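Order of the sequence lines sets the chain letters (A, B, ...), proteins ahead of strands, with each chain counted from 1. Owing to the predicted nature of the structure, the values given are computational and were not obtained by experimental measurement.
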Amino acid sequence: MPQTLTIATWNVNSVRSRLPNLLAWLGANPVDILLLQELKCIKEQFPRMELEDLGYNLAIHGQKTFNGVAICSKYPLDDIICELPGDESDSAARYIEAVVSLKGAALRVASVYVPNGQEVGSDKFAYKLSFLERLSALWAQHLRHHEIAVLGGDFNVAPYPVDVYDPEKLDGSVCYHPEERQRLRALLHLGMVDAFRQLHPQMQKFSWWDYRGGSYPRGHGMRIDHLLLSPEAADCLVRASIDENPRGEEKPSDHAPVIATLKF
DNA sequence: ATGGTTGAACCTCAA
């Protein structure tokens, strides 16, 4: 079993379009496990060789044009699951889960891309709420096994007022509506720990800024990407951060990577 | 600010 393990989540907004940014970031941040969202390509189009050359094992759930999630791990991946139970009609590639085999131990990890919801009150917003409920139902089951487990990804929900640039103006809008925040809190009430907030109770840091309206230079962001830890994983948490540097570089994703380090 | 930008694929949608 390794002494420490670093895990990151990043919505890259097209893995093929973002490959130079991704490889540059991994060069400077050689994390053990990377959870990706919004691949926007099928499995066959994923830049497999480039990531394998960096020592990553891959579990990919791709989809043409939209969605797509992956787990990249320097340790072997087993028991890969691509479906989020609870809605047989939902074929969007928004969830992947695997067991990472550490030497003498195991870690369950999942990469999730929660639907954006588009507009409060729309069908897509209802789908978002039900997706969050399905996520809670599955992880309520997982937590019964008392494993070291990490659920990371783009949740498209900012949990607290400090997590948005203007909580009064944004209250009730998509990604910061009370109904969504309640469903994200339901995951926390199961016992899952928000890694960043656990170690930085007051700090305002964002993980997403809209491409439109100069949001990044204006500081108009939200913290909607999260690493949620099982209690057993939270007991090992020693470091958590959001690296907003990639958001300021050429042809960026609209999201920044979120990182946590576990020490065993 | 009922705008604005980006990616993929198509002449528009999802975010």
Could you check whether atom NZ of A/Lys74 has more than 12 heavy atoms from other residues, nucleotides or ligands sitting under 6.0 Å from it?
yes
Should [X] be listed as having a side-chain N or O under 4.0 Å from OP1 or OP2 of [N]?
X: A/Arg94; N: B/dA15; result: yes
X: A/Lys40; N: B/dA15; result: no
X: A/Arg212; N: B/dA15; result: no
X: A/Lys251; N: B/dT6; result: no

Cluster link A/Val157 to A/Phe206, ILVMFWY, side chain under 4.5 Å
no
hydrophobic_cluster_shared for A/Leu58 and A/Ile80, side chain cutoff 4.5 Å
no
Only pairs with both distances under 3.5 Å count, Watson-Crick or wobble alike; so what is the partner of B/dC13 in this structure?
B/dG7
Would you classify A/Arg218 as touching base, sugar-phosphate or nothing, given that sugar-phosphate means primed atoms plus P, OP1 and OP2, and contacts are heavy atoms under 4.0 Å?
base
Does any residue of residues 110-122 of chain A have a heavy atom under 4.0 Å from DNA chain B, and if so, which ones, in number order?
A/Tyr113, A/Asn116
Answer yes if the side chains of A/Lys40 and A/Asn13 hold a donor-acceptor pair under 3.5 Å, and no otherwise.
yes
Would A/Asp243 and A/Trp25 count as having a side-chain donor-acceptor pair, cut-off 3.5 Å?
yes
Assess whether a salt bridge exists between A/Arg181 and A/Asp163, defined as any Lys/Arg side-chain N lying under 4.0 Å from an Asp/Glu carboxylate O.
no
What's the gap between B/dA9 and B/dA15 when it is taken at their C1' atoms, as a whole Å value?
15 Å
If I take atom CG in residue A/Asp254 and atom C1' in nucleotide B/dG7, what distance separates them, rounded to the nearest angstrom?
10 Å
